[in-house]
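Inspection log for the structure reproduced underneath, given as structure tokens.
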Amino acid sequence: MTEVRFAQHAPTDSFRVVAGEIAPGGIPITRLAERVGRTPFYVYDRAALTARAQALRAALPAALHLHYAIKANPMPAVVQHLAGLTDGLDVASAQEMMVALDTGMAPEHISFAGPGKTAAEIRRAVAAGITMTAESEAQLDLALAAGSAMGIEPRIALRVNPAFELKAAGMKMGGGPKPFGIDEAKLPALLDRMKAEGIALTGLHIFSGSQNLKPEAIVDAQQKSYELARGLLAQWGRPVRWLNLGGGFGVPYFPGEQPLDVGPIAGNLHDLCERAEADIGAPLVIELGRYLVAHAGLYVCRVLERKESCGQVFLVTDGGLHHHLAASGNFGQVLRKNFPVAVANRIGEPANEVQSVVGPLCTPLDILADKMQLAHAEPGDLIAVFQSGAYGLTASPAAFLSHPAAAEVLV
Ligand SMILES: *Cc1c(COP(=O)(O)O)cnc(C)c1O
């Protein structure tokens, strides 16, 4: 496939280029915009989703279970497609659970993590027969109460908050005081209680962080997670169905970042899967969100006005942070950096003009590209933000300033 080259960003080979236009699913972007009927929209490329999942499976051990964490992109059509390419789905709300169940994925391959589950959500999870990942003893008790009320044995996993932190992660979700999981130090007493009460344990879940581009840091976290779980499961001394070592695979967003080298991680997982077979007799699971979907998505908006102010060119578009908070730099970033952005219908033209792409909101935060080298653009042209398949529409404040919603399409 044609790579779209950027001066500073990692190149992307997820989308074809047809007649000088980015062509998701082979459809030139101006024609796709006509089909969608409006801008802005998100487009996700089915072939790119398939290619990523297949490449990953080819590298990973066959015994490893690959799950998709659907909060990264919960569009039902995307989740349906990924359900056919993965071994399980991880959800973080009852609504995500409904989307996951609609795919036909077997309930025993769906698990529900999250620190703030209500009694009603937990009851729905138990009724559905999915795995309720208890992030506290209180959640465990709610699941047990729901199970006895309905006469069902709930599937319960425990999420462990490990004492170690994931090095070099974009977002840390384990180590020290955290709202996620049950502190490692509290696990032995809890496992004793479960044994005494005859409660079955489906598995242990250790997720220590997200958006990591350093393979050695992910290997280190998986290694430590495995050792921690092995010790706890030795104490448990009874069978479990799986051990979930988390994920954290990052994708390159910003200038200078390189794609994650999965090789060393896969090598380590080959060793760990063999050990897991011998030590605990249950498969290992990893759960990935953005790594499976980010590359396959574009956010597309239209230039409304080309405007010059004090020598700087602004392309004012109909899209912005209300649909794509991450690209504006306001979703957890400390310093704002540009996502890869291009004038989608002028890919054949040289990107040799410094322009800024902004949205329609009355706030200086509404920036999609700050002083970037782009092809010369005029009103009516289409701007594409790459790496937008994860944490896009549903991770953005769509109601802020009450502009129209963005459409979504899978091609
Ligand atoms: C958010 C989340 C994921 C997915 O993280 P990515 O960075 O998108 O891969 C996986 N597991 C849990 C428990 C999560 O909260």
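Note that ligands are numbered from 1 as they come in the structure, with each ligand's atoms numbered from 1 the same way. Keep in mind it's a predicted model, so treat the numbers as computed, not measured. All heavy atoms count here, side chains included; hydrogens, waters and symmetry mates do not.
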- Could a heavy atom of Y291 be found less than 4.0 Å from some atom of ligand 1? no
- Message: Test your reading of the structure: does H205 have an N or O sitting under 3.5 Å from an N or O of ligand 1?
- Response: no
- Query: Is a side-chain donor or acceptor of H9 paired with a backbone partner of N338 at a separation under 3.5 angstrom?
  - Reply: yes
- Check whether any N or O atom of E287, backbone or side chain, sits under 3.5 Å from an N or O atom of ligand 1, and answer yes or no. yes
- Query: So, N345 side chain and L382 main chain: donor-acceptor pair closer than 3.5 Å or not?
  - Reply: yes
- Which atoms of ligand 1 have any heavy atom of Y391 under 4.0 Å away? 1 (C), 4 (C), 5 (O), 6 (P), 8 (O)
- Message: Quick check against the 3.5 Å criterion: does Q8 have a side-chain atom that pairs as donor or acceptor with the backbone of P340?
- Response: no
- Message: Once salt bridge (charged side-chain N to carboxylate O under 4.0 Å, His left out) is applied, do any residues pair with E227, and if so which ones, sequence neighbours excluded?
- Response: R230, R275
- What do you reckon, does G248 have a nitrogen or oxygen under 3.5 Å from a nitrogen or oxygen of ligand 1? no
- Partner residues of D141 under the salt bridge (charged side-chain N to carboxylate O under 4.0 Å, His left out) criterion, sequence neighbours left out: R193
- List every atom of ligand 1 that sits less than 4.0 Å from any heavy atom of A69, numbering the atoms from 1 in the order shown and giving each element. 3 (C), 4 (C), 10 (C)
